[in-house]
Amino acid sequence: VSQSRYPHRLDLLVTDICRRAGMTEDDIDADELRWEDVKGFQRVGQMTARQLLETLSLYYNFDGVETNGRIKFTMRGKEYIAEIDEKELGASINNIDSENITFKTARTQEQELFKVLNILYYDIQKDYEQNTQESRRYIGTTDNVNTIEAPIVLTSNEAKKLVDRIMYQTWVGRDTYEFETDNNFIFVEPGDVVLVKRKGQKHYIRITHKEEGQGVIKWKGVNELKTIYTQYNTGDAGKIAEDTIIEFADTDVYVLDIPIFDIADNNSGNYVVVDRVGTGIWRGGVVYKSNNPSGDYVNQAVFDTATIS
C-alpha cells in the first residue's frame with residue numbers, strides 16, 4: 001500500500017488521475033471534494049482512469065458528470081434541488097390523463113441483497129495490515145453474506161462507518177425510477193437529488209441518467225435518503241500493532257599475549273577472548289584473520305557464547 005501524491009486531498013488526487021488521462025485542469029471541477037481526507041490507496045494492477053475514479057467514488061461517496069464542457073465531481077448527501085409535482089411529469093406534456101403518466105418504478109428483490117456485509121481494508125492503526133469491519137441487517141428474509149475488498153487506508157472507525165453506509169445505501173437504492181419532464185428542469189444534472197410527488201407520495205430521487213430531446217427530458221434515478229451518509233457507529237480496532245525494537249548487544253574481542261595452555265597450541269596462532277558489551281540480545285561473534293597485506297580475511301572461529309579460543 002502506498003500513499004498518494006496528495007495524501008490528504010481527494011480533489012487533488014482526482015484531478016491528478018484526470019490529468020494523467022489527458023485532461024487539463026480547465027476540463028475538471030473537483031472543488032467539492034477538497035475536504036475529503038485520503039490516507040492512502042492501492043492501485044491493483046493496470047487500471048484505467050475510469051476504473052480508478054469508480055473505485056474512489058464508491059468509498060468516498062461522490063459522482064462525476066459532464067456539464068458545460070467540464071467534468072464536475074460532486075459529493076452525495078445533499079438536499080434536493082428541485083420539486084416536481086405530478087402535473088409536471090412528462091406525460092402531461094402530451095395531454096395524457098394523469099393516471100397514465102409515465103413514472104416507472106422497479107425494486108430489487110430482497111433475496112438479491114445481503115444480510116451481512118464485510119469490508120476488508122488497510123488499517124493505519126495496525127501498521128497498514130488488513131483489518132475487517134462488519135455491517136449486519138437484522139430484519140428481512142435474505143441470508144446472503146458479501147465481502148468487499150477496499151484498496152484504501154482507513155481507521156477502524158472510518159471503516160465501520162463506510163461499511164454501514166454502503167449497506168444502507170444498497171438497501172435504500174434498491175428502488176429505481178424512470179420518468180419524464182419538460183425543459184423546465186434542464187438545470188438538474190446527474191448526481192443531483194429531486195423530490196417527485198406522485199399520488200400523494202414523496203419520492204426523493206438521486207438522478208443517475210439524463211437524456212434530452214424534442215422538448216422532453218428522460219430521467220433515471222435511485223431512491224435517496226440523506227441520513228445514510230452520516231453514520232455514528234464505532235469500529236472494532238482489534239489488537240493494535242505495536243512496533244517492537246529489538247536491542248542487540250555489541251561484541252568485544254581481546255587478543256591475549258600469554259604462554260600457551262596446551263602443547264597442541266604450539267603454532268603461530270593467538271588466543272582470543274570474545275564477550276558481550278552492554279544489554280540486549282547477544283548472538284555470539286565471529287573472529288576473522290588476515291594473512292596477507294591485501295586484507296583478505298579468513299574465518300578463524302565462531303563463538304555462540306562468551307568464551308576463550
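- Every residue meeting the side chain to side chain contact (heavy atoms under 4.5 Å, CB included) condition with Tyr254, not counting sequence neighbours, appears here in chain and number order: Asp252, Leu256, Val273.
- Every residue was checked against the side-chain hydrogen bond (donor to acceptor under 3.5 Å, both in side chains) condition with Lys220, not counting sequence neighbours, and none meets it.
- Partners of Ser135 under the side chain to side chain contact (heavy atoms under 4.5 Å, CB included) rule, at least two apart in sequence or in another chain, are Val163, Asp164, Met167.
- Shown are Leu33, Asp26, Asp31; of these, the side-chain contact (heavy atoms from CB on, under 4.5 Å) with Asp29 is made only by Asp31.
- Ile281 and Arg276 get closest at one heavy-atom pair: N-NH2, 4.4 Å.
- Salt bridge Arg70/Asp27: absent, no basic N to carboxylate O contact under 4.0 Å.
- Atom OG1 of residue Thr170 and atom CZ of residue Arg165 lie 9.0 Å apart, to the nearest 0.5 angstrom.
- For the side-chain hydrogen bond (donor to acceptor under 3.5 Å, both in side chains) test, no residue two or more places apart in sequence or in another chain qualifies with Asn157.
- Atom NZ of Lys72 is separated from atom OG1 of Thr74 by 7.0 Å, given to the nearest 0.5 angstrom.
- Between Asp63 and Arg76 there is a salt bridge, since at least one side-chain N of the basic residue sits less than 4.0 Å from a carboxylate O of the acidic one.
- Ile84 and Leu195 fall into different hydrophobic clusters, where Ile, Leu, Val, Met, Phe, Trp and Tyr side chains are chained together by heavy-atom contacts under 4.5 Å.
- The side chain to side chain contact (heavy atoms under 4.5 Å, CB included) test applied to Arg34 returns Arg9, Asp11, not counting sequence neighbours.
- A salt bridge does not link Lys115 to Glu110: none of the charged side-chain nitrogens sits closer than 4.0 Å to a carboxylate oxygen.
- A salt bridge does not link Lys218 with Glu212: none of the charged nitrogens is closer than 4.0 Å to a carboxylate oxygen.
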Go through the steps for Thr105 and Thr176 under the test side chain to side chain contact (heavy atoms under 4.5 Å, CB included), then give the verdict.
-> CA-CA 6 Å; Thr105 64; Thr176 60; over 6 Å; no
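- For the side-chain contact (heavy atoms from CB on, under 4.5 Å) test with Val196, the passing option among Trp219, Tyr204, Tyr177, Phe103 is Phe103; the others fail.
- Note on residues 144-153: pairs passing side-chain hydrogen bond (donor to acceptor under 3.5 Å, both in side chains), not counting sequence neighbours, are Thr142-Asn144.
- Nearest heavy atoms, Thr55 versus Tyr59: O-CD1, 3.1 Å.
- In summary, Arg198 and Glu86 engage in a salt bridge, as defined by a charged side-chain N under 4.0 Å from a carboxylate O.
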